[in-house]
*Asks:* 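A single structure is presented below for examination.
The basis for the numbers below is simple: all heavy atoms, side chains too, and nothing from hydrogens, waters or symmetry mates. All residue numbers in this chain count up from 1 along the given sequence.
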Amino acid sequence: MVNTLIGDLGHYSVILAFVTALVSAIAFAFASNAKELTPEQKDWKKLARGAFFVHVAAVFGIIFCLFNIIYAHRYEYHYAWSHSSNHLPVHYMISCFWEGQEGSFLLWIFWHALLGLVLIKFAGKKWESPVMAVFSFVQLFLTSMILGVVIGDLKIGSSPFILMRDFMTDAPVFQMDPNFVPKDGTGLNPLLQNYWMVIHPPVLFLGFAATLVPFAFAIAGLWKREFASWTKPALPWGLFAAVVLGVGIMMGAYWAYETLNFGGYWNWDPVENAVYIPWLVLVGAIHTLLAFRKSKTALRATFILFITSFLLVLYATFLTRSGILGNASVHSFTDLGLSGQLFTYLAAFVVLAIGLLVYRWKHIPATAKEIATYSGEFWVFIGAAVLCLGAFQVLVTTSIPVYNAFMGFIGVKTNVALPADQIAHYTKFQMWMGIAIAMLSGTGQLLWWRKQNDGTKLSEVFMLPLIFTALFAALILLVSKMGYIERIDNPSYILLLLASLYAVFSNLAIVFGLLKKKVSIAGGAVSHIGVALMLIGILFSSGYSNIISKNMSGMVYAREFGDDINRDNVLLWRNAGTDMGPYKVTYKGQYLEVKDLPDYVNKQQLFRLEDEFRAVARGPLKDGDQIKYKAGDTVDIYPENTYYEVEFKNRESGKSFTLYPRAQVNPQMGLLASPDIKMFGTKDLYTHVSTIPDPNEEKEWGELKEYQVKIGDTLYLNDYVAVLHGIEPAKDTLMLNLKPGDVAVQADMQVLGERRTYHAHPIYAIRDRMVGRVPEEIEDLGLRIMLMSIDPDKGEFTIGINTTQKDYIILKAMEKPFISILWIGTIIMSLGFVMAIVRHYNDGKRGNAASPKGPAGKEAVKRRKQMA
């Protein structure tokens with residue numbers, strides 16, 4: 001039965017959200033232009049607030065309706081059918097919410113709505129109206145992206161509440177039965193079935209949404225001719241946007257590291273770049289704003305960079321959702337016919353923002369004094385310039401598909417290609433940006449905190465950090481030369497190491513110096529330490545990643561596999577140990593996830609039923625020491641992913657551990673392999689399967705050989721010995737669907753393998769007077785055993801044996817040295833940002849609470865001078 005009520009409710013909520021965003025934007029604009037403390041301003045502000053509150057309620061209504069159609073499996077709706085399925089766990093249903101374009105736009109709208117409520121409460125009377133006018137105007141455009149209204153040939157937005165019969169109007173099934181509802185959906189992209197994809201997109205989109213706040217303050221400052229005062233409330237918000245967006249980016253990097261099999265955490269994919277570029281510019285904007293707050297310089301640059309950072313977020317949206325990167329990126333969205341609307345959205349804000357900036361440019365205060373090269377402000381400004389240059393380099397290369405599309409649109413045919421080796425191309429430039437940033441973060445911070453009136457010479461400021469840098473660099477290079485860690489002999493890598501160590505020790509000196517005063521004001525130094533540690537982690541984990549799964553057999557596995565697989569992977573037959581680096585590696589079998597069990601379960605302990613999501617337990621399944629399921633119980637399984645148990649045993653120490661890399665063969669996407677990682681103190685062992693036997697292909701079995709045996713007889717099967725111990729009633733009868741009068745028995749056989757003993761129970765059944773046989777397959781040995789016939793008079797049994805190739809996997813393993821430093825650096829960088837947010841927010845509160853002429857105001861000014 002088609003349920004149109006929930007969809008209609010959701011669609012009406014979208015329309016309501018769109019209309020109230022429009023009313024709110026207009027009302028806040030009139031309130032902003034009205035004179036302060038007049039009845040006219042109060043009336044407009046009251047209307048604007050009321051409209052925005054209704055807008056927020058409507059957004060929550062849209063979210064409720066969309067999640068309801070996903071959670072309730074309402075497959076009459078295209079969004080639910082194309083992103084969800086019956087057997088998807090609830091936490092992955094949350095991921096379904098933002099897998100599609102409409103859902104991700106809605107997530108963005110949701111964060112804007114919440115941030116708008118916060119601004120109404122805390123922005124202050126002076127800034128609420130102009131800032132919220134900008135906010136509501138942006139919400140108007142975003143809401144239009146999910147409006148789903150068609151006027152003639154004009155399509156405005158794509159609705160998440162469209163019915164299948166309206167989306168697939170030409171499908172024969174809907175022409176025959178308009179009320180047809182599919183029984184199941186197509187499911188969530190398997191690569192997104194990861195817990196990081198439940199939390200990474202919300203954090204990333206909160207970062208996107210937060211970039212609007214400093215942008216809105218900057219536009220409000222231009223609009224109201226408040227060219228300097230907007231910087232005080234904008235600074236904490238800029239820091240908040242930077243830390244949330246940065247953490248969101250690194251969450252995505254960790255998801256890629258843990259889920260994808262390209263061997264790292266960053267692949268310079270255009271979609272990754274599209275997020276990285278605005279973050280660099282945003283961080284540059286924060287630095288120029290800090291320089292302005294201290295010395296009244298770089299105000300114009302601050303306007304430019306905050307406005308640009310938000311416009312780059314919109315540009316990133318256009319890149320990833322217009323379909324223009326379809327052939328250049330592995331995880332961009334396909335075009336939903338909204339590319340024109342996205343371009344209009346981007347162009348509108350580019351024209352309005354840049355037009356306003358140009359119009360007010362001559363009125364923006366600019367200092368005429370020169371900044372001394374030994375001042376902190378000078379080096380902070382240079383650091384911001386380097387960040388922007390780095391962003392520009394990535395932007396130019398990433399935008400090549402846009403350039404080709406634009407030239408084609410105006411009738412000029414171009415075929416500018418992306419670099420063949422994009423990782424090498426970007427790394428070549430970005431590494432030098434990293435070196436420059438590390439050097440500047442150390443030098444700039446030392447000069448920023450240096451007191452020019454305390455008699456300290458410049459040489460004394462730099463002495464200790466340089467000494468510690470030289471000592472630690474010499475120690476690391478010596479240890480690498482002795483072979484205890486990777487040998488560092490690349491000059492550019494040595495320079496990056498020196499610069500990063502210098503940044504660490506320079507900022508540590510500042511932190512220790514501030515311990516005596518107030519360490520809470522050292523947020524900048526702490527975040528710079530985190531960035532320097534991230535650079536060190538990137539240097540070692542990417543520059544010195546070591547493949548230990550080299551093919552030492554001298555054989556080519558298969559020519560169609562390619563050189564990488566044949567050269568850098570090891571072939572593992574099941575239960576046959578193979579040397580790999582310092583380990584003896586053994587592939588031990590295939591495992592599945594069983595609902596309510598924390599550990600994976602060996603496939604041979606499960607009898608798969610016709611329903612692929614259900615199986616019968618062949619023996620007790622335990623959760624620790626507790627038996628969760630008994631033999632014969634039916635269990636729920638998750639069949640999409642197969643986990644391959646691989647044991648690693650160190651040949652020297654004898655210590656062993658087990659990894660479970662996973663893989664699935666997807667009909668549309670081919671082999672999807674996700675790594676499993678063993679974390680050590682100084683490195684990670686990163687493993688994934690590169691090739692497996694295709695589970696969708698029928699196995700090629702050899703000729704069936706029949707043996708006449710009695711109970712207790714021994715069979716010699718090539719390299720193995722099998723013994724028939726007896727015949728007993730069949731235990732796995734659920735799949736046989738037996739009726740009264742039917743009978744089923746199974747053989748109790750024992751097969752002696754090379755390393756363990758296997759039990760086989762082939763079934764012989766008589767159902768409806770017809771004979772049926774259920775063979776037992778021992779994948780480890782490549783054997784299939786069938787109970788062919790029973791002669792009760794002679795007590796003889798016919799056993800049929802087929803053989804096939806043994807099970808195998810081809811595995812890649814690499815060591816990632818000191819990658820934990822990257823993740824630790826991310827945490828420290830985030831901590832520094834949070835410290836800075838708290839400091840500047842408190843400064844803003846003190847500044848608002850105290851007049852500069854009063855005693856509290858004088859004390860606040862004195863305290864700020866001490867901090868500076």
*Asks:* Please tell me if the side chains of Y257 and Y254 come closer than 4.5 Å, counting only heavy atoms from C-beta onward.
*Replies:*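 With C-beta onward as the side chain, the pair touches.
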
*Asks:* So, taking the atom named CG in L387 and the one named CD1 in I382, what distance separates them when rounded to the nearest 0.5 Å?
*Replies:*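 The distance works out to 11.5 Å.
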
*Asks:* Can you find a heavy atom in the side chain of F818 that is under 4.5 Å from one in the side chain of I536?
*Replies:*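 Side chain of F818 against side chain of I536, heavy atoms only: no contact under 4.5 Å found.
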
*Asks:* On a heavy-atom basis, which atom in I307 and which in F215 lie closest, and how many Å separate them?
*Replies:*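 It is CA-CD1, 3.7 Å.
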
*Asks:* So do the side chains of L475 and L471 get within less than 4.5 Å of each other, counting heavy atoms only?
*Replies:*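 The answer is no, as the side chains (C-beta and beyond) never meet within the 4.5 Å cut-off.
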
*Asks:* Under the rule for side-chain hydrogen bond (donor to acceptor under 3.5 Å, both in side chains), what residues qualify as partners of Y195, not counting sequence neighbours?
*Replies:*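 Y195 satisfies side-chain hydrogen bond (donor to acceptor under 3.5 Å, both in side chains) with E258 once adjacent residues are dropped.
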
*Asks:* Who passes side-chain hydrogen bond (donor to acceptor under 3.5 Å, both in side chains) against Y265, sequence neighbours left out?
*Replies:*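 Scan of Y265 (side-chain hydrogen bond (donor to acceptor under 3.5 Å, both in side chains), adjacent residues dropped) gives S541, S542.
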
*Asks:* Mind checking side-chain hydrogen bond (donor to acceptor under 3.5 Å, both in side chains) for W223 and listing every partner two or more places apart, or none if nothing turns up?
*Replies:*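 For W223 the side-chain hydrogen bond (donor to acceptor under 3.5 Å, both in side chains) partners, ignoring immediate neighbours, are N33.
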
*Asks:* So does M197 get a backbone contact from the side chain of W98, meaning a donor-acceptor N/O pair under 3.5 Å?
*Replies:*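 A pair under 3.5 Å: yes.
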
*Asks:* With sequence neighbours excluded, tell me which residues meet ring pair (Phe, Tyr, Trp, His ring centres under 6.0 Å) with F60.
*Replies:*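 Here the qualifying residues are F110.
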
*Asks:* Cut-off 3.5 Å, no hydrogens considered: what does the side-chain donor-acceptor table look like for residues 200-212, sequence neighbours left out?
*Replies:*
residue: H200; atom: ND1; partner: G248; partner atom: O; Å: 2.9
residue: H200; atom: ND1; partner: G252; partner atom: N; Å: 3.3
residue: T211; atom: OG1; partner: F208; partner atom: O; Å: 2.5

*Asks:* Report yes or no: does S506 contribute a side-chain atom to a donor-acceptor pair with the main-chain N or O of A503 at less than 3.5 Å?
*Replies:*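 Not at all, since once roles are kept as given, no pair shorter than 3.5 Å links the two residues.
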
*Asks:* Not counting sequence neighbours, which residues clear ring pair (Phe, Tyr, Trp, His ring centres under 6.0 Å) with F429? List them please.
*Replies:*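 F429 satisfies ring pair (Phe, Tyr, Trp, His ring centres under 6.0 Å) with H425 once adjacent residues are dropped.
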
*Asks:* Looking only at non-hydrogen atoms, find the nearest pair between G825 and L533 and report the distance.
*Replies:*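 Taking G825 first and L533 second, the nearest heavy atoms are CA-CB, 3.8 Å.
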
*Asks:* Check side-chain hydrogen bond (donor to acceptor under 3.5 Å, both in side chains) between T288 and all other residues, then give those that pass, not counting sequence neighbours.
*Replies:*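 Applying side-chain hydrogen bond (donor to acceptor under 3.5 Å, both in side chains) to T288 gives T302.
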
*Asks:* How would you list, by chain and number, every residue that makes a salt bridge (charged side-chain N to carboxylate O under 4.0 Å, His left out) with E226, sequence neighbours excluded?
*Replies:*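 Counting only residues at least two positions away or on another chain, E226 forms a salt bridge (charged side-chain N to carboxylate O under 4.0 Å, His left out) with K126.
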
*Asks:* Would you name the heavy atoms of P214 and W230 that are closest together and state the gap between them?
*Replies:*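 So the two residues come closest at O-CZ3, 4.1 Å.
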
*Asks:* Please evaluate residues L447 and V380 with respect to the criterion side chain to side chain contact (heavy atoms under 4.5 Å, CB included), reporting the C-alpha separation (whole Å), side-chain torsions for both, the decisive distance (0.1 Å), and the verdict.
*Replies:* CA-CA 10 Å; L447 294 175; V380 166; over 6 Å; no

*Asks:* I'd like to know if the side chain of H528 reaches the main chain of G524, judged simply by a donor and an acceptor atom lying under 3.5 Å from each other, with no hydrogens or angles considered.
*Replies:*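 Yes; at least one donor-acceptor contact below 3.5 Å.
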
*Asks:* Would you please name every residue forming a ring pair (Phe, Tyr, Trp, His ring centres under 6.0 Å) with F141, sequence neighbours left out?
*Replies:*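 With neighbours one apart ignored, the set is F137, Y345, F349.
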
*Asks:* Are side-chain heavy atoms of E128 and F28 found at a separation under 4.5 Å?
*Replies:*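 E128 reaches F28 side chain to side chain.
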
*Asks:* A side-chain contact here means heavy atoms from C-beta on lying under 4.5 Å apart; do F318 and L314 qualify?
*Replies:*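 Result no, sub-4.5 Å side-chain heavy-atom pair not found.
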
*Asks:* Given the rule in the side chain to side chain contact (heavy atoms under 4.5 Å, CB included) test, do L117 and K121 qualify, once you have shown the distances and angles that lead to the verdict?
*Replies:* CA-CA 6 Å; L117 293 177; K121 178 70 176 177; over 6 Å; no

*Asks:* Can you tell me how far apart SG (C388) and CG (L305) are? Round to the nearest 0.5 Å.
*Replies:*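 Interatomic distance, C388 SG to L305 CG, rounded to 0.5 Å: 4.5 Å.
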
*Asks:* Which pairs pass ring pair (Phe, Tyr, Trp, His ring centres under 6.0 Å) with one or both residues in residues 496-519, sequence neighbours excluded?
*Replies:*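 Only F468-F505, F472-F505 qualify under ring pair (Phe, Tyr, Trp, His ring centres under 6.0 Å).
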
*Asks:* Could you state the interatomic distance from NE2 (H363) to CZ (F227), rounded to the nearest 0.5 Å?
*Replies:*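 That separation rounds to 6.5 Å.
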
*Asks:* Return the minimal non-hydrogen interatomic distance between M835 and V526, and the atom names on each side.
*Replies:*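 It is SD-CG2, 4.0 Å.
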
*Asks:* Quick one: are L496 and S500 in side-chain contact, heavy atoms under 4.5 Å?
*Replies:*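 When only atoms from C-beta onward are counted, S500 and L496 do touch, with a gap below 4.5 Å.
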
*Asks:* At their closest point, which heavy atom of G383 faces which heavy atom of L440, and how far apart are they?
*Replies:*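 Smallest heavy-atom distance, with atoms named: CA-CD1, 3.6 Å.
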
*Asks:* When rounded to the nearest 0.5 angstrom, what distance separates CG in L446 from CD1 in I510?
*Replies:*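 It is 5.0 Å, given to the nearest 0.5 Å.
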
*Asks:* Is the side chain of R300 donor-acceptor paired with the backbone N or O of W361 at a distance under 3.5 Å, no angle test?
*Replies:*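 At least one qualifying donor-acceptor pair exists.
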
*Asks:* Would you say the ring centroid of Y276 lies under 6.0 angstrom from that of W268?
*Replies:*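 Yes, close enough.
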
*Asks:* Looking at H112 versus F135, is the centre-to-centre ring distance below 6.0 Å?
*Replies:*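 Aromatic pair counts; centres sit under 6.0 Å.
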
*Asks:* Does some side-chain heavy atom of L822 sit less than 4.5 Å from a side-chain heavy atom of M250?
*Replies:*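 Yes, close enough: below the 4.5 Å cut-off.
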
*Asks:* Rounded to the nearest 0.5 Å, what separates atom CG in L498 from atom CD1 in I494?
*Replies:*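 Atom-to-atom, L498:CG and I494:CD1 are 7.5 Å apart.
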
*Asks:* Taking side chain as C-beta onward, heavy atoms only, is L539 less than 4.5 Å from Y493?
*Replies:*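 Answer yes - side chains close enough.
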
*Asks:* Do N273 and L395 pass the side chain to side chain contact (heavy atoms under 4.5 Å, CB included) test, and can you show the C-alpha distance, the side-chain angles, and the key distance before you say yes or no?
*Replies:* CA-CA 8 Å; N273 298 347; L395 176 66; over 6 Å; no

*Asks:* If you measure from CD1 on I63 to CD1 on I109, what distance do you get to the nearest 0.5 Å?
*Replies:*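 Rounded to the nearest 0.5 Å, the CD1-CD1 separation comes to 8.5 Å.
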
*Asks:* Checking side-chain polar atoms at under 3.5 Å, does T398 have a donor or acceptor matched by the opposite partner on Y426?
*Replies:*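 Yes.
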
*Asks:* Is it the case that K294 places NZ or CZ above or below the six-membered ring of F292, under 6.0 angstrom from the centre and within 45 degrees of the axis?
*Replies:*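 No, cation not above the ring by the 6.0 Å, 45° rule.
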
*Asks:* Taking it one step at a time, do S441 and N507 satisfy side chain to side chain contact (heavy atoms under 4.5 Å, CB included)?
*Replies:* CA-CA 8 Å; S441 69; N507 286 281; 4.3 Å; yes

*Asks:* List the atom of S309, the atom of V281, and the distance in Å for their closest heavy-atom pair.
*Replies:*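 Distance-wise, the nearest heavy atoms are N-CG1, 4.0 Å.
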
*Asks:* State whether the side chain of K224 and the backbone N or O of S32 hold a donor-acceptor pair below 3.5 Å, judged by distance alone.
*Replies:*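 Yes, K224 side chain to S32 backbone: donor-acceptor pair under 3.5 Å.
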
*Asks:* Which residues pass the side chain to side chain contact (heavy atoms under 4.5 Å, CB included) test with A31, not counting sequence neighbours?
*Replies:*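 With neighbours one apart ignored, the set is Q41, W44, K45, S129.
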
*Asks:* Can you name the residues that form a ring pair (Phe, Tyr, Trp, His ring centres under 6.0 Å) with F97, not counting sequence neighbours?
*Replies:*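 Here no residue qualifies.
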
